[in-house]
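Pasting in a structure now, in structure tokens, and then I'll have a few things to ask.
Reminder, nothing fancy here: chain letters follow the sequence lines and each chain counts from 1.
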2 protein chains.
Amino acid sequence: MNEKHQIFYETSLKLVYKKGFKATTMRDLAEEMGCDVSNIYNYIDSKQSLLEEILFNINDLFQEGIDLIRCSDYGPIDQLKQVVRLYVNLSIERPLELSLLTNEWRNLKGEKLELFISEREKFEHKVKSIIREGMRKKVLIEMDLKLATFLFLSALRLLFDKYALTENPFNKIELERQINRYIFQGFTNNSK
Amino acid sequence: MNEKHQIFYETSLKLVYKKGFKATTMRDLAEEMGCDVSNIYNYIDSKQSLLEEILFNINDLFQEGIDLIRCSDYGPIDQLKQVVRLYVNLSIERPLELSLLTNEWRNLKGEKLELFISEREKFEHKVKSIIREGMRKKVLIEMDLKLATFLFLSALRLLFDKYALTENPFNKIELERQINRYIFQGFTNNSK
DNA sequence: TAATTACATAAACAAATGTTGATGTATTAT
DNA sequence: ATAATACATCAACATTTGTTTATGTAATTA
């Protein structure tokens with residue numbers, strides 16, 4: 001991969017995060033790069049391909065992550081905790097890509113859009129199968145599987161927004177601990 | 001408010017939800033309305049004002065809801081359960097507006113954007129104050145207040161997406177019950 | 001009856017948009 | 001030395017965009 005391509009990738013990441021994909025023009029990107037508009041087309045094929053590259057890159061990281069977790073020997077709860085860790089790690093390491101993953105995928109077009117949706121469903125299905133196993137083994141409460149998966153992922157999906165892109169008061173370990181505490185024990189204080 | 005204005009409001013709601021605000025052109029809206037482009041300007045001032053109207057409308061409903069809850073006599077946990085109910089109700093009654101509230105606010109401009117952000121912070125601050133009170137009274141577990149507020153709201157924010165805009169298997173009561181179970185007790189099965 | 005209001009159409013515009021073509025230079029690989 | 005590669009510039013393009021102006025009709029209100 002070219003050097004300039006990489007620089008462009010990171011620059012456009014920041015700008016698209018800040019302004020949104022649709023609102024980011026090629027001329028905006030050119031200005032940010034300090035080059036001519038047409039110059040950009042030496043690095044990428046089109047504006048669409050830029051979005052595709054970003055989105056499928058970060059998607060790959062999630063897919064690899066979840067696959068590794070699923071073929072491990074951990075039980076369902078520990079596997080879910082690994083998923084939490086996956087999100088925490090990526091939220092801290094790749095907050096911008098993560099933001100675009102949740103906010104800008106709808107700007108994909110045609111078969112790329114279809115592909116993305118199927119990838120996302122694939123991921124959610126994998127998480128769902130862990131939760132299903134947890135319910136089967138009675139280590140998780142019985143509830144609607146779809147809702148459970150949704151609630152679990154909801155707690156993680158916007159993490160980047162609140163805790164990687166703003167000043168956060170705690171380290172990764174403590175963040176992870178408190179999220180796990182919430183997901184598995186809930187808010188209620190049962191100690192007294 | 002004019003009759004046509006109302007029709008236009010609902011039509012554009014659907015289209016903006018489907019395509020996104022930036023991607024929805026005035027010509028798209030005109031076609032959907034079965035009228036000329038310029039005709040639209042008999043109903044609204046500008047494309048921006050359309051977005052502003054939608055967003056601040058639904059925002060008002062949330063603000064009124066949370067204010068009502070906060071001046072009630074309920075304890076912190078019951079107040080939070082009322083907030084859950086508020087989200088469930090609005091997710092079912094106004095799923096489109098809710099979707100735009102979370103997905104399209106960044107397309108606001110200038111002082112309207114600033115106003116919106118301050119309104120959202122106001123709302124989150126109100127929720128946070130309920131949670132703070134819950135922690136003070138020891139009915140909620142002690143954890144980072146900001147994170148707790150974030151986790152609580154995350155469970156609710158995208159409800160419309162999964163449970164109002166898709167076929168859902170249960171009624172409002174059961175949906176609410178399961179969400180509350182998760183938020184306050186967590187996923188872990190402690191019964192055995 | 002007169003005036004205001006709601007709604008419609010057609011034509012046009014100025015700005016912004018993604019993209020291309022022609023051309024050139026400097027560096028690297030063969 | 002030659003060819004390929006990476007990178008740059010300038011001008012231009014065809015569309016698409018939100019919006020306006022001018023004009024007209026039908027219904028409601030004063």
Handout entry: B:Tyr43 and B:Tyr9 aromatic centres sub-6.0 Å
Key = no

Fill in the blank from the handout: Taken to the nearest whole Å, CG/A:Leu51 to P/C:dG18 is 13 Å

Exercise for the section: Tell me what B:Ser49 touches on the nucleic acid: a base, only sugar-phosphate, or nothing, going by heavy atoms under 4.0 Å. Expected result: nothing

Handout entry: Option among A:Phe187, A:Tyr182, A:Phe152 that satisfies the ring-ring contact (aromatic ring centres under 6.0 Å, His included) test with B:Tyr182
Key = A:Tyr182

Exercise for the section: Please state how far atom NE2 in A:His5 lies from atom C1' in D:dT5, giving the value in whole angstrom units. Expected result: 16 Å

Practice task
Round to the nearest Å and state the distance from A:Phe21 atom CZ to C:dT17 atom P.
Solution key: 13 Å

Handout entry: Donor-acceptor pair, side chain of A:Ser99 and main chain of A:Pro95, under 3.5 angstrom
Key = no

Handout entry: Stacked cation flag B:Lys81 on B:Phe184, 6.0 angstrom / 45 deg
Key =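 That pair qualifies as a cation-pi contact.
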
Practice task
May I have the distance from B:Met26 (atom CE) to D:dT15 (atom C1'), rounded to whole angstrom?
Solution key: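 Computing the B:Met26:CE to D:dT15:C1' distance gives 18 Å.
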
Handout entry: Contact residues, residues 29-46 of chain A to DNA chain C [heavy atom, < 4.0 Å]
Key =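 Under 4.0 Å from DNA chain C: A:Val37, A:Ser38, A:Tyr41, A:Ser46.
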
Exercise for the section: May I ask you to decide whether A:Glu121 forms a salt bridge with A:Lys146, counting only side-chain N to carboxylate O separations under 4.0 Å? Expected result: no

Handout entry: A:Lys47 side chain near C:dT17 phosphate (N/O to OP1/OP2, under 4.0 Å)
Key = no

Handout entry: Salt-bridge criterion met for B:Glu10 and B:Lys4 (N-O under 4.0 Å)
Key =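 No salt bridge links B:Glu10 with B:Lys4.
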
Practice task
Using whole Å, report how far NZ of B:Lys4 lies from C1' of C:dT5.
Solution key: 15 Å

Problem - Phosphate OP1/OP2 of D:dT17: any B:Lys22 side-chain N/O under 4.0 Å - result: no

Exercise for the section: Calculate the interatomic distance between B:Arg27 atom CZ and D:dT15 atom P; express it in whole Å. Expected result: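 Rounding to the nearest Å, CZ of B:Arg27 and P of D:dT15 are 14 Å apart.
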
